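Worksheet: one structure, shown below.
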Amino acid sequence: MSDSKRLQPDSLIVTSGRPDAIPGASVNTGVSFTSTYVAPDGIGYGRSGNETWTALESAIGGIEGGSTLLFSSGMGAISAVFSLLPHRSIIVASRNGYTGTMYLLQKLESDNQCEIRYVDIAHTEEVLAALQGANFLWMESPTNPALEVADLPKIIPAAKALGLGVGVDNTFATALNQQPLAMGADISMNSVTKFIAGHSDLIMGSLSMNDEALLSRLTMQRKQGGAIPGAMEVYLALRGIRTLDVRLERAQKNALEIATRLSAHPAVQSVRYPGLPSHPQHERAASFMKGFGAIISFEVKAGADAADRACAASKVVVHATSLGGVETLWERRHRWAGESEHISQSLIRLSVGIENVEDLWADIDQALSAIH
Ligand SMILES: *Cc1c(COP(=O)(O)O)cnc(C)c1O
């Protein structure tokens, strides 16, 4: 176990969370289906802990560089963070972001719980100015679905120096591409549902952190708030994280190729992918991210209805929401009423999977050519 600290992240996702390698031991941690434990020792009750959780928590914690708590969903994890904020806290948050998070922030504000300062997260001066007098900074980077990249190595230390708590939604990048805790953030959050689990078969969230006091507060919040995952889902996500590095490598390679070809497609108005030199924060992303992720957003010239028709015309790419799975998915974001006004009506978010890139491109091209 102590040796594992010296391993690289792409090894840690494979080696951590296994039983001790003693002769005759199983290689994998089993699925612990229990709601309670024999008194007087151990976990006690199944809302407090579970052996299968511990295995996945050590695997995610290994790459995030901290202690990890699993939650029943990404939103369950984010809700637990916001629930710790004192009444009337001032929160600085990206104006674009995951719709569920934006809804929670708007609710905190309309209930007079907190004041929210929305910022363009890519505009570092604007973010730094908004930090003055604030209590908490919540950043998604890259943002969903605008793919804006925040200057995390600059903003996080600045926020910490002013005494703010800092949380980063690391879902789009994953800890294999960027490590918010190493840059000084208090919390790195993941929708485990997406890349970590990676097979579009479960919903789960995680929070990683280094501070013991924060860990015990969030442990208590999970136990009393009750947003705990099921053991079977945790086992599936543990199995998923084992291949995260190879899935991501392939998906990112596919994504760069498809983003490049989309940029030259006559039906396409504009393409956003942090790995493209044309992306406004490409240099910034390249300076601290190990990879650019596998999500592309693009607008079609012919408008919203045409975008819907293109999404419906694909045969390999699945027309569905969500992201981060082995299979490629796309959708027009504004088919959801909650999508931000800053996002174009014709924007399609494409989550690139690990299929053969020529099969993907042939399908995307035929779907877009049909509406052109
Ligand atoms: C999906 C997602 C969430 C919410 O996670 P769930 O697991 O669906 O609750 C939060 N942030 C981002 C960036 C997401 O993509």
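Model, not experiment: these values are computed from the prediction. Note that these values count all heavy atoms, side chains included, but never hydrogens, waters or copies made by symmetry.
- Inter-residue side-chain proximity for His265 and Ser369 is flagged as met; some heavy-atom pair is nearer than 4.5 Å.
- Salt bridge annotation for Glu109-Lys107: absent, with no cationic side-chain nitrogen under 4.0 angstrom from a carboxylate oxygen.
- Judged by distance alone, the side chain of Ser35 and the main-chain N or O of Tyr45 form no donor-acceptor pair under 3.5 Å.
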Would Asp169 and Thr171 count as a side chain to side chain donor-acceptor pair (under 3.5 Å) here? Give the steps. CA-CA 6 Å; Asp169 183 333; Thr171 303; 2.6 Å; yes

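- Phe172 is listed as a side-chain neighbour of Leu147, based on a closest heavy-atom distance under 4.5 Å.
- Side chain of Arg18 to backbone of Val14: a donor-acceptor contact under 3.5 angstrom is found.
- Side chain of Ser89 to main chain of Ile91: no donor-acceptor pair is present (N/O by atom type, distance under 3.5 Å, no hydrogens or angles).
- Between Ser351 and Trp330, the closest side-chain pair of non-hydrogen atoms is not below 4.5 Å.
- Every residue two or more places apart in sequence or in another chain was checked for a salt bridge (charged side-chain N to carboxylate O under 4.0 Å, His left out) with Glu125, and none qualifies.
- In terms of heavy atoms, Gly291 sits closest to Asn177 at N-OD1, 2.8 Å.
- Atom-to-atom distance recorded for Arg333:CZ and Ser340:OG is 10.5 Å, nearest 0.5 angstrom.
- For Arg239, the CZ atom is loosely surrounded, since the number of other residues' heavy atoms within 6.0 Å does not exceed 12.
- With respect to the salt-bridge test (charged N to carboxylate O, under 4.0 angstrom), the residues Arg332 and Glu299 do not qualify.
- Through side-chain heavy atoms spaced under 4.5 Å, either directly or across other Ile, Leu, Val, Met, Phe, Trp or Tyr residues, Val318 is tied to Leu329.
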Would you check, one step at a time, whether the test side chain to side chain contact (heavy atoms under 4.5 Å, CB included) holds for Val81 with Phe136? CA-CA 10 Å; Val81 173; Phe136 192 72; 3.7 Å; yes

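- In the hydrophobic cluster analysis, where Ile, Leu, Val, Met, Phe, Trp and Tyr join through side-chain heavy atoms closer than 4.5 angstrom, Leu238 is grouped apart from Val246.
- The shortest heavy-atom contact between Ile187 and Leu207 is CG2-CD2, 3.8 Å.
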Taking it one step at a time, do Tyr37 and Glu51 satisfy side chain to side chain contact (heavy atoms under 4.5 Å, CB included)? CA-CA 11 Å; Tyr37 296 84; Glu51 297 88 339; 3.0 Å; yes

Evaluate the criterion side chain to side chain contact (heavy atoms under 4.5 Å, CB included) for residue pair Val300 and Gln269; output intermediate values, then yes/no. CA-CA 5 Å; Val300 298; Gln269 176 80 39; over 6 Å; no

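- Asp211 contributes a side-chain N or O that, together with a main-chain N or O of Ala213, makes up a donor-acceptor pair within less than 3.5 Å.
- The shortest distance between side-chain heavy atoms of Val352 and Gln252 does not fall below 4.5 Å.
- Here the shortest heavy-atom pairing between Cys311 and Ser314 reads O-OG, 3.2 Å.
- For CZ of Arg242, the number of neighbouring non-hydrogen atoms (other residues, nucleotides, ligands) closer than 6.0 Å is greater than 12.
- Inter-residue side-chain proximity for Ser208 and Glu57 is flagged as unmet; no heavy-atom pair is nearer than 4.5 Å.
- Distance alone, capped at 3.5 Å, is enough to place a donor-acceptor pair between the Thr143 side chain and the Glu148 backbone.
- Here the side chains of Gln221 and Arg217 are not in contact, with every heavy-atom distance at 4.5 Å or above.
- One hydrophobic cluster, built from ILVMFWY side chains closer than 4.5 Å, cannot hold both Leu12 and Leu176; they sit in different ones.
- The heavy-atom pair separating Arg247 from Gly324 by the smallest distance is NH1-O, 4.2 Å.
- Between the Thr54 side chain and the Asn50 main chain, a donor and an acceptor come within less than 3.5 Å of each other.
- Listed for the His334 side chain is a donor-acceptor partner under 3.5 Å among the backbone atoms of Ile343.
- Glu355 contributes no side-chain N or O that, together with a main-chain N or O of Asp359, makes up a donor-acceptor pair within less than 3.5 Å.
- Side-chain atoms of Thr328 come within 3.5 Å of backbone atoms of Gly353 as a donor-acceptor pair (strictly under, hydrogens ignored).
- The OG atom of Ser263 sits 11.5 Å away from atom CD1 of Ile258, with the distance rounded to the nearest 0.5 Å.
- Remark: of the listed residues Leu323, Leu360, Leu262, Ile295, Leu262 is the sole one forming a side-chain contact (heavy atoms from CB on, under 4.5 Å) with Leu350.
- Comment: Glu249 does not engage Lys253 in a salt bridge, judged by the lack of any side-chain N to carboxylate O separation of less than 4.0 angstrom.
- In this structure, the separation between OG on Ser191 and OH on Tyr98 is 7.0 Å, given to the nearest 0.5 Å.
- Leu256 and Leu248 fall into different hydrophobic clusters, where Ile, Leu, Val, Met, Phe, Trp and Tyr are joined by side-chain heavy atoms under 4.5 Å apart, directly or via other members.
- Minimum heavy-atom separation, Thr52 to Gly30: OG1-O, 3.0 Å.
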Full working for side chain to side chain contact (heavy atoms under 4.5 Å, CB included) between Leu104 and Ser79: CA-CA 8 Å; Leu104 271 192; Ser79 299; 3.5 Å; yes

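- By the criterion of side-chain heavy atoms lying less than 4.5 angstrom apart, applied directly or through intervening Ile, Leu, Val, Met, Phe, Trp or Tyr residues, Val268 is grouped together with Tyr273 in one hydrophobic cluster.
- Taking NZ from Lys194 and CG from Asn170, the interatomic distance works out to 13.0 Å, rounded to the nearest 0.5 Å.
- Residue Phe288 is found in a hydrophobic cluster whose other members, listed by chain and number, are Val92, Val119, Ile121, Val127, Leu128, Leu131, Leu137, Met139, Val149, Leu152, Ile155, Ile156, Leu162, Leu164, Val166, Val168, Met183, Met289; membership requires side-chain heavy atoms under 4.5 Å apart, directly or through intermediates.
- No side-chain heavy atom of Tyr103 sits less than 4.5 Å from a side-chain heavy atom of Leu105.
- Sorted by first and then second residue, the side-chain hydrogen bond (donor to acceptor under 3.5 Å, both in side chains) pairs involving residues 151-165 (not counting sequence neighbours) are Lys160-Asp186.
- Taking the six-membered ring wherever Trp is involved, the centroid distance between the rings of Phe292 and His279 does not fall below 6.0 Å.
- Between the side chain of Asp10 and the main chain of Asp245, no donor-acceptor pair closer than 3.5 Å is present.
- Ile43 and Val234 are members of different hydrophobic clusters when ILVMFWY side chains are connected at heavy-atom separations under 4.5 Å.
- Closest approach of Arg284 to Ala122, counting heavy atoms only: NH1-O, 2.9 Å.
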Side chains of residues 223-233: which donor-acceptor partners sit under 3.5 Å, not counting sequence neighbours?
none

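- Alongside Val326, the hydrophobic cluster contains Ile354 (criterion: ILVMFWY side chains under 4.5 Å).
- Aromatic ring orientation, Trp138 versus Phe82: perpendicular (interplanar angle above 60°, classes split at 30° and 60°).
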Between Glu331 and Thr321, does the side chain to side chain donor-acceptor pair (under 3.5 Å) criterion hold? Intermediate values first, please. CA-CA 6 Å; Glu331 68 170 343; Thr321 196; 2.6 Å; yes

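- Considering NZ of Lys301 and CG of Leu368, their distance stands at 11.0 Å, rounded to 0.5 Å.
- Distance check, rounded to the nearest 0.5 Å: CD of Glu358 to CG of Asp365 gives 11.0 Å.
- You'll find the side chain of Ile60 reaches within 4.5 Å of the side chain of Leu70, heavy atoms only.
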